[in-house]
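Can you keep this structure in mind? I'll have questions shortly.
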Amino acid sequence: MKKDKTEKIREILQSAGLKNTLSRLAILEVLSELKQPETAQDIHKKLKKIDLVTLYRTLTTLEKSGVLRVVDVRKNAVHYELDTNHHHHIVCTDCDKIEDFENKEIEKVLEKIAKKSKQFSDIKNHSLELFGLCRNCA
Ligand SMILES: [Zn+2]
Ligand SMILES: [Zn+2]
């Protein structure tokens, strides 16, 4: 592990008010290298020495502290990613491809919808995923 990377991961834990533990550091290192959200099973394959129970427990802690985001891509298991820049996903329904996208217009529209609601006054977050076939699968 490069030193600046370890530093960054320690900073993430610190600002979330979490202690540095070996399992948290190892799991966050794997998560910071992911190119798209992945399942706990797939994350587990990239980790040596950490059992699945510890992984699930740590993922839950990291999610509750706002370090991780759970992404529902309508597959058999939820996917995880670091909660850094706000974005959305386009998901292939045939293979594992997931693409990120950001759109300021969408964010404005969602804000308007939240403000207009008669029954909700405190919309905390949102998720938005598009589903279809990637170019390889189409
Ligand atoms: Zn595909
Ligand atoms: Zn958004």
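Note that ligands are numbered from 1 as they come in the structure, with each ligand's atoms numbered from 1 the same way. Just so we're clear, the structure is a prediction, and the values are computed from it rather than from any experiment.
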*Taking Ser117 for the side chain and Gln119 for the main chain, is one N or O donor matched with an acceptor at less than 3.5 Å?*
yes
Taken by chain and residue number, the protein N/O/S atoms under 2.8 Å from the Zn ion (ligand 2) read His86 NE2, His88 NE2, Glu107 OE1, Glu107 OE2, His126 NE2
**Request:** Could you tell me whether Arg74 sits above the aromatic face of Phe131, with NZ or CZ closer than 6.0 angstrom to the six-membered ring centre and within 45 degrees of the axis?
**Result:** yes
Donor-acceptor check, side chain of Thr60 to backbone of Tyr56, threshold 3.5 angstrom: yes or no? yes
**Request:** Could you verify whether a donor N or O on one side chain and an acceptor N or O on the other, from His89 and Glu129, lie under 3.5 Å apart?
**Result:** yes
- [ ] Would you check if the distance from the ring center of His88 to the ring center of His126 is below 6.0 Å?
- [x] yes
Glu107 atom CD: more than 12 heavy-atom contacts under 6.0 Å
yes
Give a yes or no on whether the backbone of Ile98 and the side-chain of Gln36 come within a donor-acceptor separation of less than 3.5 Å. yes
Atoms listed for the Zn ion (ligand 1) (protein only, N, O or S, under 2.8 Å, no waters) are Cys92 SG, Cys95 SG, Cys134 SG, Cys137 SG
Requested in this report: Determine, for Lys8 against Glu29, whether the closest basic-nitrogen to carboxylate-oxygen distance falls under 4.0 angstrom.
Outcome: no
*Just wondering, are more than 12 heavy atoms of other shown residues or ligands nearer than 6.0 Å to CG in Asp83?*
yes
